[in-house]
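What follows is a single structure, written as structure tokens, with notes after it.
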Amino acid sequence: MMPLSRFTVLDLTRVRSGPTCVRQLADWGANVIKIEATDEVDTGKGLGGERDGPDFQHVQRNKRGMTLNLKSPEGLAAFRRMVAKADVVVENYRPDVKTRLGIDYDALAAINPRIVLGSISGFGQDGPYARRPGFDQIAQGMGGLMSVTGLPGQGPVRAGIPVADLTAGLYCALGIMVALLEREVTGKGRWVHVSLLEAMIAMMDFQATRWTMKHDVPKQAGNDHPTTIPTGLFKTSDGVINIAGGGQVMWDRIVKVLGIGEEAKDPDIATDKLRSQNRVKVNALLEKVTLTDTAANWVAKFNKEGVPCGPVYAMDQVFADEQVKHLGLEMALQHPRLGTLNVVRAPMQISGVDCARNPTPERGQHTDEVLAEFGFTAEEIAGLRAAKAV
């Protein structure tokens, strides 16, 4: 029995933020039913990449798949009938779409007061931008991330992952779990809604709070940490390493490893505050020494003395690392058509239970099976097919 197996989730999501949310529940055993449009109304959009490609196969795993045309009266009626027995519905339509379809929270709660609705939008469920189309890079720009990413003076830079999409999905999944926990006490569901913009600003964390508390506008710091010195990227004889060493204790350890005791007596870098003010001088002093040995040797030396230090990997090197291998982050799934697929497992480890390992379903693979589980007879299913509702 998986931790979330008692929950049934109807997944109406597309692309990345919504599917990321639902996968958090699916990975730990929730009965997730991925609902896609029928062939007649499907535009081919919303997959988040090719169906057989890494994106789709990674984010849609551990779900069962069915088709349902919510634009048809019969399909919508079938969905509402399923809501009566479900625990969670998740969608990432534009805010007005669910109201137009009649599947907004009030409508769903009238069918099933215990239902939890999770909604992800670009900019929020209401307000002046509510109907704008949402996209990760737009949220990165509006949320401030691009303004602090990149080298000083370089201009705004997009982060290398869709961080707004991913974090909106994570926050929505967390909110759904909170609502389910509360439901155990109250017996009533909740509407949980998150936007890419809200998630992005929340992820700005201390950078955002530098403004809200002190009206300090953070700027690009490149590979240097914006507040902790010396923390950043340093060249070696064969590559680069990351060193993180803020505070006097850590500075003393860095001085010891690099053998720069005399140079460290420079009054310009005598304290943490002075080192922050003279970051360029500090970094140049360190890099003059790190250039004399290999990245691997420096990583070993610094870690031996308790200084956080690590290599900078390309993705192939990430999965070749001995610690990554030990943690087993590359997880194999057996797909009936595509064979063995290696994906990335859920990052949390829960004692006594493994992350589920079911492949992404084919389009509509479980339609009849799911409908039967929700009480539809063979005749009713045949009628839905005749009406092109599934």
Using distance only, find each side-chain donor-acceptor pair of residues 70-79 under 3.5 Å and give its atom names and separation, not counting sequence neighbours.
| from | atom 1 | to | atom 2 | distance (Å) |
| --- | --- | --- | --- | --- |
| S72 | OG | N69 | O | 3.0 |
| S72 | OG | G75 | N | 2.9 |

Kindly write out the residues that satisfy side-chain hydrogen bond (donor to acceptor under 3.5 Å, both in side chains) with [X], not counting sequence neighbours, or none if the list is empty.
{"X": "N31", "result": "T8, R64"}
{"X": "W28", "result": "none"}
{"X": "S195", "result": "E198"}
{"X": "K388", "result": "none"}

How many angstroms lie between atom [atom1] of [X] and atom [atom2] of [Y], to the nearest 0.5 angstrom?
{"X": "T38", "Y": "L384", "atom1": "OG1", "atom2": "CG", "result": "11.5 Å"}
{"X": "I243", "Y": "T290", "atom1": "CD1", "atom2": "OG1", "result": "6.0 Å"}
{"X": "I161", "Y": "D136", "atom1": "CD1", "atom2": "CG", "result": "8.5 Å"}
{"X": "L166", "Y": "S17", "atom1": "CG", "atom2": "OG", "result": "9.0 Å"}
{"X": "M2", "Y": "L25", "atom1": "CE", "atom2": "CG", "result": "11.5 Å"}
{"X": "M331", "Y": "L341", "atom1": "CE", "atom2": "CG", "result": "10.5 Å"}

Next item on the list: Could you walk me through whether L196 and M142 pass the side-chain contact (heavy atoms from CB on, under 4.5 Å) test, one step at a time?
Entry: CA-CA 10 Å; L196 303 190; M142 292 179 66; over 6 Å; no
Next item on the list: Name all pairs fulfilling the side-chain hydrogen bond (donor to acceptor under 3.5 Å, both in side chains) condition that reach into residues 147-176, sequence neighbours left out, sorted by first residue then second.
Entry: none
Note to self: I need the full list of side-chain hydrogen bond (donor to acceptor under 3.5 Å, both in side chains) pairs touching residues 330-341, with sequence neighbours left out, sorted by first then second residue.
What the structure shows: D52-R337, E330-N342, Q334-T340, R337-E362
Notebook entry, point to check: Are side-chain heavy atoms of L12 and E36 found at a separation under 4.5 Å?
Noted result: no
Item checked: Student check: side-chain heavy atoms of F302 and L258 closer than 4.5 Å -> yes
Next item on the list: Can you establish whether the number of heavy atoms outside M203 located under 6.0 Å from its atom CE is more than 12?
Entry: no
Please check: side-chain N/O of [X] versus main-chain N/O of [Y], any donor-acceptor pairing under 3.5 Å?
{"X": "T209", "Y": "T212", "value": "no"}
{"X": "T271", "Y": "L274", "value": "yes"}
{"X": "R253", "Y": "G306", "value": "yes"}
{"X": "Q24", "Y": "T20", "value": "yes"}
{"X": "E287", "Y": "K235", "value": "yes"}

Item checked: Between Q248 and R275: side-chain donor-acceptor atoms closer than 3.5 Å -> yes
Next item on the list: Verify whether one side chain among T99 and D96 offers a donor that lies under 3.5 Å from an acceptor in the other.
Entry: no
Notebook entry, point to check: So which heavy atom on L197 is nearest to which on G143, and how close?
Noted result: CD1-N, 4.1 Å
Please determine if [X] and [Y] form a salt bridge, counting it only when a charged side-chain N lies under 4.0 Å from a carboxylate O.
{"X": "K63", "Y": "D11", "result": "yes"}
{"X": "R363", "Y": "D39", "result": "yes"}
{"X": "K98", "Y": "E91", "result": "yes"}

Check: Taking the six-membered ring of F376 as reference, does the NZ or CZ atom of R81 fall below 6.0 Å from its centre and within a 45° cone about the axis?
Finding: yes
Under 3.5 Å, which donor-acceptor pairs do the side chains of residues 313-322 form with other protein atoms, sequence neighbours left out?
| from | atom 1 | to | atom 2 | distance (Å) |
| --- | --- | --- | --- | --- |
| Y313 | OH | D321 | OD2 | 2.5 |
| Q317 | OE1 | A314 | N | 2.8 |
| D321 | OD1 | Q323 | N | 2.8 |
| D321 | OD1 | V324 | N | 3.4 |

Notebook entry, point to check: Could you give all pairs that pass the salt bridge (Lys or Arg N to Asp or Glu O under 4.0 Å) test and reach residues 212-233, with sequence neighbours left out?
Noted result: R210-D216, D224-R279
Checklist line | Inter- and intrachain pairs under salt bridge (Lys or Arg N to Asp or Glu O under 4.0 Å), touching residues 343-352, at least two apart | finding: none
Next item on the list: Report the residues that fulfil side chain to side chain contact (heavy atoms under 4.5 Å, CB included) with D268, sequence neighbours left out, ordered by chain and then residue number.
Entry: D266, N278, K281
Checklist line | side-chain contact (heavy atoms from CB on, under 4.5 Å) assessment of W191 paired with Q125 | finding: CA-CA 11 Å; W191 183 21; Q125 295 296 314; 3.5 Å; yes
Next item on the list: Report yes or no: do V88 and L108 belong to one cluster of Ile/Leu/Val/Met/Phe/Trp/Tyr joined by side chain heavy-atom distances under 4.5 Å?
Entry: no
Next item on the list: Sorted by first residue and then second, give each ring-ring contact (aromatic ring centres under 6.0 Å, His included) pair with at least one member in residues 241-293; sequence neighbours left out.
Entry: none
